[in-house]
Amino acid sequence: MNKKIGFIGAGNMGKAMMNGILSSGITSAENIFVYDAYQPVLDQVQQEFGVTLCKNEKELAEKVQIIILAVKPNMILTVLDDIKERISKDDIVVSIAAGVTIEKLSAHLLAETKIVRVMPNTPALVGLGMSSVSLNDFISEQEGEEILSIFRSLEKQNL
């Protein structure tokens with residue numbers, strides 16, 4: 001995949017996804033950008049994965065084509081409000097926040113934004129994941145396959 005992938009949030013699930021993406025060869029570390037409000041977490045993922053750090057979520061949204069929102073559900077709408085003006089019509093917004101529907105996400109983004117809602121399960125943290133993926137109507141078949149490849153990388157990692 002030649003798209004740049006950004007993670008807003010680098011907690012356990014974000015790190016598991018970065019590991020899966022890099023371990024499976026979907027893309028290289030120079031194509032992964034990360035922002036987290038907690039600097040020690042950023043330092044850890046940069047050291048562990050060699051990813052590019054961003055100083056805030058707005059900078060990240062400007063640099064990537066796939067934005068993975070790996071923040072707590074109570075923070076996601078605030079993050080969307082902060083970045084929505086920096087998301088282009090070709091970008092894809094992926095949410096892993098439990099309980100936040102595509103409809104709720106789209107209400108905080110510009111019209112026709114490409115949105116994917118994913119519910120990965122906790123075994124993804126150890127490379128044995130399974131995810132439920134929902135795409136909105138603006139995602140093409142090829143884009144859907146790219147997103148699925150990301151979440152397939154959380155299955156049976158290096159076992």
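Just so you know, these numbers use all the heavy atoms, side chains as well, and skip hydrogens, waters and symmetry mates.
At a cut-off of 3.5 Å, with distance as the only test, a side-chain donor of D91 or S88 sits close to an acceptor on the other residue.
Two residues are said to be in side-chain contact when any heavy atoms from C-beta on lie closer than 4.5 Å; I76 and S95 meet this criterion. The shortest distance between side-chain heavy atoms of I32 and F7 falls below 4.5 Å. Contact annotation: the side chain of I66 approaches that of I147 to within less than 4.5 Å [non-hydrogen atoms, C-beta and beyond]. Side-chain contact between Y35 and L53 is absent, with no heavy atoms from C-beta onward closer than 4.5 Å. In this structure, I68 and M17 have side chains that are in contact, with non-hydrogen atoms separated by less than 4.5 Å. With contacts defined as side-chain heavy-atom distances shorter than 4.5 Å, the pair V118/F151 qualifies. Between L80 and L69, some side-chain heavy-atom pair lies under the 4.5 Å cut-off. Side chains of L60 and I8 form a contact here, defined as non-hydrogen atoms less than 4.5 Å apart.
The existence of a salt bridge linking R117 and E103 is excluded, since no basic side-chain nitrogen approaches an acidic carboxylate oxygen closer than 4.0 Å. Under 4.0 Å is where a charged nitrogen must lie from a carboxylate oxygen, and between K63 and E59 at least one such pair does.
Contact record, A10 with V45: CB-CG1, 4.0 Å, taken as the closest heavy-atom pair. The shortest non-hydrogen separation linking S149 to I26 is O-CD1, 3.1 Å.
Put simply, I83 and I92 are part of two different groups of oily side chains (I, L, V, M, F, W, Y) that touch within less than 4.5 Å, one to the next. Linking ILVMFWY residues whenever their side-chain heavy atoms come closer than 4.5 Å, directly or via other members, places L77 and I115 in the same cluster. No path of Ile, Leu, Val, Met, Phe, Trp and Tyr side chains, each step under 4.5 Å between heavy atoms, connects V34 with V79, placing them in separate hydrophobic clusters. Following chains of ILVMFWY side-chain contacts shorter than 4.5 Å, one cannot reach V41 starting from M13, and the two form parts of different hydrophobic clusters. Taken together through direct or relayed side-chain contacts under 4.5 Å among Ile, Leu, Val, Met, Phe, Trp and Tyr, M119 and V100 form parts of separate hydrophobic clusters.
Considering I102, V116, T101 as possible partners of S134, the one that fulfils the side chain to side chain contact (heavy atoms under 4.5 Å, CB included) test is I102.
In this structure, OH on Y38 lies 10.0 Å from CG on D36, to the nearest 0.5 angstrom. In this structure, the separation between CD on Q65 and CD1 on I87 is 12.5 Å, given to the nearest 0.5 Å. With values rounded to the nearest 0.5 angstrom, S140 atom OG is found 9.5 Å from E145 atom CD. Separating the CZ atom in R86 from the CD1 atom in I67 is a distance of 11.0 Å, to the nearest 0.5 Å. Atoms CG and CD, from L42 and Q39 in turn, are 5.0 Å apart once rounded to the nearest 0.5 Å. Distance check, rounded to the nearest 0.5 Å: OG of S106 to CD of E112 gives 11.5 Å.
Within a 6.0 Å radius of CD in E30, other residues, nucleotides and ligands contribute more than 12 heavy atoms. More than 12 heavy atoms of other residues, nucleotides or ligands lie within 6.0 Å of NZ in K84, so this atom counts as buried by the packing criterion.
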Query raised in the report: Given the rule in the side-chain contact (heavy atoms from CB on, under 4.5 Å) test, do D137 and I139 qualify, once you have shown the distances and angles that lead to the verdict?
Result: CA-CA 6 Å; D137 293 336; I139 302 285; over 6 Å; no

Query - Check against side-chain contact (heavy atoms from CB on, under 4.5 Å), Q44 and K15 - result: CA-CA 10 Å; Q44 180 189 10; K15 286 187 268 189; 3.2 Å; yes

Requested in this report: List the steps and the verdict of side-chain contact (heavy atoms from CB on, under 4.5 Å) for E143 and K3.
Outcome: CA-CA 10 Å; E143 291 166 333; K3 292 184 178 175; 3.9 Å; yes

**Report entry** Check against side-chain contact (heavy atoms from CB on, under 4.5 Å), T113 and V93
**Finding:** CA-CA 8 Å; T113 299; V93 176; 4.0 Å; yes

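Using a distance-only test at 3.5 Å, with no hydrogens or angles considered, no donor-acceptor pair links the side chain of S23 to the main chain of G20.
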